[in-house]
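The next block holds one structure in the form of structure tokens; read it before the comments.
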Amino acid sequence: MDCLFCKIIAGEIPSTKVYEDEYVYAFKDISPIAPLHYLFIPKQHISGASAITEENADVVGKIFMAIAKVAAQEKLESGFRVITNCGDDAGQTVHHLHFHLIAGQKMGWSADQGV
Ligand code: 5GP
Ligand code: ZN
């Protein structure tokens, strides 16, 4: 399968790892939109939030546990945001489920701007 994030998990494309366990891989976004911008992905290929099912939903909890651990390690006590883009309107560019963790600045709230 020609999936960029599957290649990152396989180590075929380099990335800066920030967290890894049996189910989850997390790395620095190549084009950060905030002072801290990490991506959390399941090791299993899931195309996006619209493809979460009874069978694969457990990994979403694993991802959020990983996010909580990394947020504690990075001392993000003043706050952070988690985003998943799904489909064209949301601007999803990589069709492997991923959650953006962004932090390190005060953020606005707008559907077409984000930060
Ligand atoms: P999306 O737009 O699908 O929600 O997010 C995809 C994210 O992947 C973008 O923030 C983009 O900067 C990031 N990205 C795309 N290609 C690479 C890459 O090769 N390495 C890393 N670390 N991030 C990437
Ligand atoms: Zn994939």
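FYI, the numbering just counts along the sequence from 1. As a basis for the values below, the full set of heavy atoms in this structure was taken, side chains included, without hydrogen atoms, waters or symmetry mates.
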Same cluster or not: are [X] and [Y] linked, directly or through other Ile, Leu, Val, Met, Phe, Trp or Tyr residues, by side-chain heavy atoms under 4.5 angstrom apart?
X	Y	value
Ile33	Ile67	no
Phe80	Met65	no
Val59	Val18	yes
Val24	Leu36	yes
Leu39	Leu101	no

### Message
When you compare the side chain of Phe40 with that of Val70, does any pair of heavy atoms fall below 4.5 Å?
### Response
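Result yes, sub-4.5 Å side-chain heavy-atom pair found.
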
Roughly how far, to the nearest 0.5 Å, is the [atom2] atom of [Y] from the [atom1] atom of [X]?
X	Y	atom1	atom2	result
Ile83	Phe99	CD1	CZ	11.5 Å
Gln92	Asp88	CD	CG	8.5 Å
Ile63	Leu97	CD1	CG	5.0 Å
Ile46	Asn56	CD1	CG	4.0 Å
Tyr25	Tyr19	OH	OH	13.0 Å
Leu76	Ile102	CG	CD1	11.5 Å

Is [X] reaching over with its side chain to a backbone N or O of [Y], donor-acceptor style, under 3.5 angstrom?
X	Y	result
Ser47	His95	no
His96	Pro42	yes
Thr53	Glu55	yes

### Message
Let's go through His45 and Cys3 carefully: what are the C-alpha distance in whole Å and the side-chain angles of both, what is the deciding distance for side-chain contact (heavy atoms from CB on, under 4.5 Å) to 0.1 Å, and is it a yes or a no?
### Response
CA-CA 9 Å; His45 181 86; Cys3 171; 3.5 Å; yes

### Task
Using side-chain contact (heavy atoms from CB on, under 4.5 Å) as the criterion, list what pairs up with Glu12, not counting sequence neighbours.
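Only Lys7, Ala10 meet the side-chain contact (heavy atoms from CB on, under 4.5 Å) criterion with Glu12.
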
I need the minimum non-hydrogen distance between [X] and [Y], along with the two atoms involved.
X	Y	value
Pro35	Gly104	CG-O, 3.4 Å
Ala103	Gly79	CB-O, 3.8 Å
Cys86	Ala49	SG-N, 3.9 Å

### Message
Under a 3.5 Å cutoff, is there a donor and acceptor pairing between the side chains of Ser31 and Asp29?
### Response
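Short answer, no.
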
### Message
Between Tyr38 and Glu74, do the side chains contain a donor N or O and an acceptor N or O under 3.5 Å apart?
### Response
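Short answer, yes.
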
### Query
Do Glu20 and Lys43 sit within salt-bridge range, that is, some charged N less than 4.0 Å from a carboxylate O?
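Judged by the 4.0 Å cut-off on N to carboxylate O distance, Glu20 and Lys43 do form a salt bridge.
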
### Message
Measuring centre to centre across the rings, with the benzene-like ring taken for any Trp, is His98 within less than 6.0 Å of Phe5?
### Response
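Yes; Phe5 has its ring centre under 6.0 Å from that of His98.
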
### Task
Indicate the ring-plane relationship of His100 and His37, choosing parallel, tilted or perpendicular according to the 30° and 60° boundaries.
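Answer is tilted, since the angle falls between 30° and 60°.
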
